[in-house]
Amino acid sequence: MMTQTANCTTILKINGKIINIKNISPIITLLEYLRQKEYVGTKEGCGDGDCGACTVALIGVDTEGKPHYQAMNSCLIPLGSVLGQEIVTVEGLVQDGQLHPVQNAMVKTGGSQCGYCTPGFIMSLFSGYYDGKVDDISVEGNLCRCTGYIPIRQAAKMVTDSCPQDHFSEKLKQYTSNPQEFIYQDENHQFYRPTDLETVLHLLQHHPEATLIAGGTDLGLELSHHRQDYPLLISLESVTELHILEQNSELVEIGAAVTLSHIEERLKGVFPSIDEMIHWFAARQVRNRATLGGNIGTASPIGDMPPILLSLDAKLRIAGIEGERILPLGDFFKGYRQTDLKKGEVIVSVQIPKTLPLGTVRRLSQSYKIGKRGTDDISIVAAGFTVDLDEKQSIIQARLGYGGVAAIPIRAYEIESILEGKPWHIHTIQKIKSLLKDTFTPLTDLRGSAEYRKMLVANLFEKFFVEMENRQ
């Protein structure tokens, strides 16, 4: 069982300064805390993780276990999640009176007008600078409303080929990743950060009312806008068993606390539909925190990953105090924001099979996301398709997963049954389109009408066919 931190205190390091945190709510956002402490270079824009004005850098580890700077949206991170960690804000970049190279580049190219978004751009460029990846992707989560992106891109180009050896690179060499479990509390909130699964299950038995949090990019919205209180949070992001990422000839197993940015790098090329969706899932700052288990566990009908995982026949490994069970993902979602998780259970990992049905000579798989703003928007409709063909180009098996068209992420089971045994031909697709269009009964909302969504359900599958055939 976890032991409480003495005097309810813990440490946070900001720009090299050690700060003792005491009697401060663990559920205020990092952004709110920074601004209270007069680190006001970090701006508050949308509060939704969409604009990047609040970007800061945290020291973490990359896919090879090496320390690196990670750009993150401070508006979505509860203070409890970063206790014990080191944070760099824009105020900390100037050393010995000298601007940091990324700051200097922005000055030289005129990359700032009103300056409101500039600190966020700087911190994203800063993080990419020490990874050697200063490009459009490094700033894809930052919006500029007045300067224009040409001078900002020019600034990024100026520092692309740099090999930094400075104060900040030395910090990385000194960093050791050794998460410590702790309990932090104020008068109204408790924040637990265990480091092993057994402790998590023990805590859930004693605190069935607790809310689980990992990356917190969904829950963080509630905190950012003060829409909901969370008296007791259990963080899963340091739980060792939830960080596995293993594969063999038969399956890939991804721990529930593995971030999407790690999946993006470590599984690149294994599942094309996952590669595609993670690119459009969200910007770098969000992918650096968002976890696969969190995206599934929130049971959002518009979560981006579940439709793809449904199309790949994924299963969940779930643990409780009485043991583990394996559950097909299609049986996990029970209703709007409702799942098959029982009290005291937690998602441990996602298992994705790699073996193909008997007789398969060709597997086709891809995903699609339709939204109003590229990488930084909630999907109107998301879809994942997997089709296995035999030597005669007949369909052995079809898996069509959708999000945004029902109260849960869902598969088009009836359509899948109809497709089996049919030739993979445009005539088959055209015949199925009218049926597919009426398979679901989506809602009309601000993002799109029900009729538009129904059209997308059918048209995206036709697009899938055309793209797959053009790639032959």
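Note that the coordinates shown come from a computational prediction; the quantities given were computed from them, not determined experimentally. Only this structure's heavy atoms are used, side chains among them; waters, hydrogens and symmetry mates stay out.
- Aromatic ring pairs are classed by plane angle as parallel below 30°, tilted from 30° to 60° and perpendicular above 60°; the pair His207 and Tyr192 is tilted.
- With sequence neighbours left out, the side chain to side chain donor-acceptor pair (under 3.5 Å) criterion links Ser365 to Ser273, Thr386.
- Glu420 approaches Ile396 most closely through the heavy-atom pair CG-O, 3.7 Å.
- Taking NE2 of His243 as the start and OG1 of Thr291 as the end, the distance is 9.0 Å to the nearest 0.5 Å.
- At a threshold of 4.0 Å, the pair Arg325-Asp340 counts as salt-bridged, since one of the basic side-chain nitrogens sits closer than that to a carboxylate oxygen.
- Within a 6.0 Å sphere centred on NZ of Lys315, heavy atoms belonging to other residues, nucleotides or ligands number 12 at most.
- Using a 4.0 Å cut-off between charged side-chain N and carboxylate O, Asp218 and Arg337 make a salt bridge.
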Could you list the donor-acceptor pairs under 3.5 angstrom formed between side-chain atoms of residues 53-61 and any protein atom two or more places apart in sequence or on another chain?
unit_1	atom_1	unit_2	atom_2	d
Thr55	OG1	Gly52	O	2.7
Thr55	OG1	Gln285	NE2	3.0

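- Remark: Glu246 does not engage Arg266 in a salt bridge, criterion side-chain N to carboxylate O under 4.0 Å.
- Applying the ring pair (Phe, Tyr, Trp, His ring centres under 6.0 Å) test to His226 and every residue at least two apart in sequence or in another chain returns nothing.
- Shown are Val82, Leu12, Ile77; of these, the side chain to side chain contact (heavy atoms under 4.5 Å, CB included) with Tyr33 is made only by Leu12.
- Within a 6.0 Å sphere centred on CG of Leu358, heavy atoms belonging to other residues, nucleotides or ligands number 12 at most.
- Using a 4.0 Å cut-off between charged nitrogen and carboxylate oxygen, Arg317 and Glu345 do not count as a salt-bridge pair.
- Using a 30° and 60° split on the angle between ring planes, Phe461 and Phe385 fall in the perpendicular class, above 60°.
- A salt bridge between Asp445 and Arg453 is present, with a side-chain N of the basic residue lying under 4.0 Å from a carboxylate O of the acidic one.
- Sorted by first then second residue, the side chain to side chain donor-acceptor pair (under 3.5 Å) pairs that include residues 401-419, not counting sequence neighbours, are Asp313-Arg411, Arg411-Glu416.
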Step-by-step salt bridge (Lys or Arg N to Asp or Glu O under 4.0 Å) determination, Glu469 to Arg362 | CA-CA 12 Å; Glu469 290 306 287; Arg362 183 183 175 204; 3.5 Å; yes
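- When the salt bridge (Lys or Arg N to Asp or Glu O under 4.0 Å) test is applied to Lys433, the partners found at least two apart in sequence or on another chain are Glu462.
- A salt bridge links Lys437 to Glu451: at least one charged side-chain nitrogen sits closer than 4.0 Å to a carboxylate oxygen.
- Taking the six-membered ring for Trp and the full ring otherwise, Trp424 and Phe465 have centroids separated by under 6.0 Å.
- Of the listed residues (Gln70, His68, Lys66), just one forms a side chain to side chain donor-acceptor pair (under 3.5 Å) with Asp131, and that residue is His68.
- Within the 4.5 Å cutoff, the side chain of Thr199 has no heavy atoms near those of the Thr195 side chain.
- Ion pairing between Arg227 and Glu222 holds under the 4.0 Å rule for side-chain N and carboxylate O.
- Between Pro26 and Phe191, the closest heavy-atom pair is CB-CB, 3.7 Å.
- Atom CD1 of Ile150 has 12 or fewer heavy atoms from other residues, nucleotides or ligands within 6.0 Å.
- None of Lys463, Glu467, Glu276 except one satisfies the side chain to side chain donor-acceptor pair (under 3.5 Å) rule with Tyr368; the exception is Glu467.
- At distances below 3.5 Å, at least one donor-acceptor pair connects side-chain atoms of Lys369 with backbone N or O atoms of Phe281.
- For the side chain to side chain donor-acceptor pair (under 3.5 Å) condition, the pairs that include at least one residue of residues 72-82, sequence neighbours left out, are Ser81-Glu237.
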